[in-house]
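Sharing a structure here in structure tokens format.
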Amino acid sequence: MLGHLLLSLSLPLFIGLVFSLAFEALLSPRPAPLWQRPMAANVIHLGSWLLLFGLFTLLLQRPWFAVVFVLSLQLVVVQSSNTKSKTLNEPFICHDFEYFWDAILHPRLYVPFFGIGLAIAASSAGAIAIGSFLYVEPSLVSQWSTVLFLQSNGLLAGLGAVLVAVGLRSLGAMSLQPVEDLHRVGLYASLWAYGVALMRSSPPDPLASPYAAASQPSAVASPDSAERPNVVLVQSESFFDPRPWCPEVAPTLLQHFDTTFTEAVEKGELSVPAWGANTVRTECAVLTGLAPSAWGARQFNPYRTLSRYPLPSVASAFRAQGYRTICVHPYPATFYMRDKVIPQLGFDTFIDISAFSSSDKHGQYIGDRAVARKVGRLLKDDDNRPLFIFVITMENHGPLHLEAPQQARLADTLPNAAWPLPGHLRELAVYLHHLGEADQMLASVKTALNESTRPGILSWYGDHVPILPDAYGYFMPPTGSTPYMIWSTQPTPPDQMPAEQPPQGIAANELGVRLFKQVFGRDISNDVIKAEPEPQEQE
């Protein structure tokens with residue numbers, strides 16, 4: 001009897017396996033053919049299909065329904081991976097499953113990239129399929145005994161789990177370069193391998209942070225802390241200079257940025273670990289001073305780790321020196337678990353979207369000028385402590401195609417473009433308008449620092465380049481780096497100015513260390529925590 005039941009399951013099992021392999025060919029970039037992959041990767045794919053087929057047949061009691069259901073889920077992952085590859089230059093990985101929940105909580109940030117029409121069509125088709133299969137396909141429990149049904153599907157799922165485990169033991173470590181790993185081992189094996197690598201990884205050692213010693217309670221503020229400057233560190237959403245990349249952009253678009261860049265005490269290109277999104281990768285690198293390699297498999301969403309395991313940061317280092325530390329982010333504090341992470345990183349206060357009003361919106365989000373006004377008010381408070389303010393802007397966050405370009409704005413952004421705009425310029429025009437708003441914010445923050453009773457230092461950088469696939473396809477993609485600079489209200493006297501230094505290229509995790517050095521005049525990269533002397537036994 002058990003053999004007959006397994007035989008009745010074999011046809012949907014085999015057809016589903018074939019389609020699961022065929023659907024991988026829809027991925028872009030496409031994985032290597034089966035015969036070019038490690039044998040362990042193919043064993044994992046077979047085991048995954050047996051495991052999923054067995055479990056969903058147990059749940060749905062209908063093998064053909066289970067096949068369609070699992071393949072539909074695979075198609076969702078494939079479509080998500082292709083969308084992510086197109087916009088972020090990175091395929092779907094195991095860590096991305098949590099973003100499906102985020103897509104429900106913050107649909108504007110995710111669903112439009114997937115395609116609103118496609119999302120509605122897929123949901124409708126899924127509902128129709130569920131109703132159809134429940135009505136048309138009879139339950140196996142009604143045809144076979146419950147014991148045989150449980151035995152057969154349990155056997156398939158158990159065999160699949162064994163094959164997955166065996167394959168993972170032989171597969172070897174991933175390079176943690178998602179494009180390379182997906183191509184080498186395929187979708188199922190890469191998802192499993194990244195998940196296992198994540199579970200086996202450990203949080204970074206707090207002592208590995210360059211801010212570990214400077215964040216200790218013993219690192220008390222120096223006697224001249226009353227003269228310390230206010231410090232504003234701005235992470236400007238999708239900020240980069242598009243003029244070298246696209247000759248059609250107005251050369252006067254970033255006038256305040258150009259002036260500040262010329263005046264900056266330090267400036268250059270910032271190598272950021274993100275493209276188009278994944279802001280927290282750059283944000284984490286700047287704040288903690290740790291390169292992505294220090295996080296291992298946790299590098300793809302380090303804030304999930306930081307929500308439970310605090311690390312020293314540039315904020316905690318400033319706080320140890322007597323600074324009042326504030327983070328301003330005009331978006332819900334719960335996004336990326338910042339409500340838990342920001343306090344863990346040493347910030348006294350977190351100001352989120354609840355401190356702004358709907359009149360502060362410019363486009364889809366709270367505008368950069370409103371954020372600049374908030375920073376200006378903070379700099380005018382009568383607290384005697386110097387301020388360290390970290391700003392995370394939102395105005396230029398995508399999806400940009402949800403906004404329509406306006407012809408009246410083209411004189412400031414794309415002066416030679418014809419109207420109506422061709423497809424490759426539509427999102428670019430929207431982006432450039434908001435980029436000009438970021439430039440105005442830069443000027444406002446500089447003014448607020450100049451008007452403060454304290455000296456001031458401003459550090460400005462972009463978290464990643466924007467998502468502009470049509471423009472990139474037409475003009476070729478930019479390098480992916482973003483500009484950074486450190487500017488002071490107190491310019492160096494002419495007789496003390498060093499020789500003109502060319503812009504320097506640095507990694508994102510180096511920026512905070514350099515900012516600390518500009519304020520305190522010392523490099524903390526090699527600081528070590530002094531061990532407390534062990535008490536000596538008295539005779």
Side-chain angles (χ1 to χ4, degrees), residues 83-91 109-110 112-113 177-179 234-251 253-254 257-258 261 267-286 291-292 299-301 336 363-365 368 391-403 405 413-414 423-439 441-442 459-485 503-511:
T83 301
K84 188 183 175 193
S85 294
K86 179 182 178 181
T87 55
L88 309 184
N89 287 356
E90 181 181 289
L109 296 182
Y110 296 93
F113 291 112
Q177 300 296 321
V179 175
V234 178
Q235 177 176 276
S236 184
E237 174 62 39
S238 300
F239 188 95
F240 88 120
D241 185 355
R243 292 169 297 181
W245 160 71
C246 177
E248 297 189 32
V249 177
L253 178 67
L254 298 175
F257 167 78
D258 291 338
F261 200 78
K267 58 197 173 187
E269 289 293 308
L270 195 68
S271 176
V272 295
W275 175 287
N278 291 311
T279 296
V280 293
R281 299 182 190 178
T282 302
E283 189 175 314
C284 177
V286 171
Q299 65 184 270
F300 302 104
N301 185 359
Y336 271 122
Q364 304 177 68
Y365 307 100
D368 285 355
V391 182
I392 310 165
T393 72
M394 274 297 293
E395 178 176 338
N396 221 346
H397 200 292
L400 296 169
H401 66 268
L402 294 186
E403 293 185 53
T413 57
L414 296 166
H424 67 278
L425 293 182
R426 292 182 60 81
E427 291 182 28
L428 178 60
V430 174
Y431 168 76
L432 294 176
H433 167 68
H434 292 302
L435 191 64
E437 293 294 293
D439 193 55
M441 173 186 172
L442 173 59
S459 181
W460 182 282
Y461 69 95
D463 53 351
H464 49 68
V465 297
I467 298 175
L468 298 168
D470 293 337
Y472 296 155
Y474 187 87
F475 294 110
M476 296 185 62
T479 62
S481 62
T482 64
Y484 82 93
M485 56 188 169
Q504 302 179 48
I506 64 173
N509 57 288
E510 299 178 63
L511 179 57

(request) Calculate, to the nearest 0.5 Å, the distance between atoms CG and OG belonging to Leu511 and Ser459 respectively. (result) 4.0 Å

(message) Are the side chains of Glu237 and His464 in contact, using a 4.5 Å heavy-atom criterion?
(response) yes

(message) I'd like to know whether Leu270 forms a side chain to side chain contact (heavy atoms under 4.5 Å, CB included) with Ile506, so could you lay out the CA-CA distance, the side-chain angles of the two residues, the decisive distance to 0.1 Å, and finally the verdict.
(response) CA-CA 5 Å; Leu270 195 68; Ile506 64 173; 3.6 Å; yes

(message) Measuring from atom CG of Asn89 to atom CG of Asn278, what distance do you get when rounded to the nearest 0.5 angstrom?
(response) 11.0 Å

(message) Could you walk me through whether Leu400 and Leu468 satisfy the side chain to side chain contact (heavy atoms under 4.5 Å, CB included) test, starting with their C-alpha distance in whole Å, then the side-chain angles of each, then the deciding distance to 0.1 Å, before giving a yes or no?
(response) CA-CA 8 Å; Leu400 296 169; Leu468 298 168; 3.6 Å; yes

(message) To check you understand the geometry: which heavy-atom pair defines the closest contact between Pro405 and Val430, and what is its length?
(response) N-CG2, 3.8 Å

(message) I need the Glu248 CD to His424 NE2 distance, nearest 0.5 Å.
(response) 5.5 Å

(message) Are the side chains of Tyr461 and Pro483 in contact, using a 4.5 Å heavy-atom criterion?
(response) no

(message) Can you give me the closest heavy-atom contact between Val272 and Gly480, atom names plus distance?
(response) CG2-O, 3.5 Å

(message) Regarding Glu269 and Tyr484, do their side chains bring together a donor and an acceptor under 3.5 Å, going by distance alone?
(response) no

(request) Compare all side-chain heavy atoms of Val391 with those of Met441 and state whether any distance is below 4.5 angstrom. (result) yes

(request) Heavy atoms only: give me the nearest Gly398-Tyr365 pair and the separation to one decimal. (result) O-OH, 2.7 Å

(request) Using the six-membered ring wherever Trp is involved, compare the ring planes of Trp245 and Phe475 and label them parallel, tilted or perpendicular (cut-offs 30° and 60°). (result) perpendicular

(request) Kindly compute the distance separating CG (Leu253) from NE2 (His433), expressed to the nearest 0.5 Å. (result) 10.5 Å

(message) Test your reading of the model: is there a side-chain donor-acceptor pair from Glu395 to the backbone of Asp368, 3.5 Å cut-off?
(response) yes

(request) Quick one: pull up CG in Leu435 and CZ in Phe239 and give me the separation to the nearest 0.5 Å. (result) 5.5 Å

(message) Checking Ala285 now: which residues fulfil side-chain contact (heavy atoms from CB on, under 4.5 Å) with it, not counting sequence neighbours?
(response) Ala508, Asn509

(request) Check whether any side-chain heavy atom of Tyr336 sits under 4.5 Å from a side-chain heavy atom of Asn301, and report yes or no. (result) yes

(request) Would you please say whether a donor-acceptor pair under 3.5 Å links the side chains of Ser238 and Asn396? (result) no

(message) Main chain of Pro251, side chain of Arg243: is a donor-acceptor contact present, judged purely on distance under 3.5 Å?
(response) yes

(request) Please examine the side chains of Trp275 and Val465, heavy atoms only from C-beta on, and report whether any two atoms are closer than 4.5 Å. (result) yes

(request) Answer yes or no: is there a side-chain heavy-atom contact under 4.5 Å between Glu437 and Thr393? (result) no

(request) Search all heavy atoms of Arg281 against all heavy atoms of Gln299 and return the closest pair with its distance. (result) CG-O, 3.7 Å

(message) Taking the side chain as everything from C-beta on, heavy atoms only, tell me whether Phe261 gets closer than 4.5 Å to Asp241.
(response) no

(message) If I take atom OG1 from residue Thr279 and atom CE from residue Met394, how far apart are they, to the nearest 0.5 angstrom?
(response) 8.0 Å

(message) Distance alone, cut at 3.5 Å: any donor-acceptor contact between the side chains of His434 and Glu403?
(response) yes

(message) Restricting to non-hydrogen atoms, name the atom on Ser481 and the atom on Phe240 that form the minimum distance, rounded to 0.1 Å.
(response) O-CB, 4.3 Å

(request) For residues Glu427 and His401, report the shortest heavy-atom separation together with the two atoms involved. (result) OE2-CB, 3.4 Å

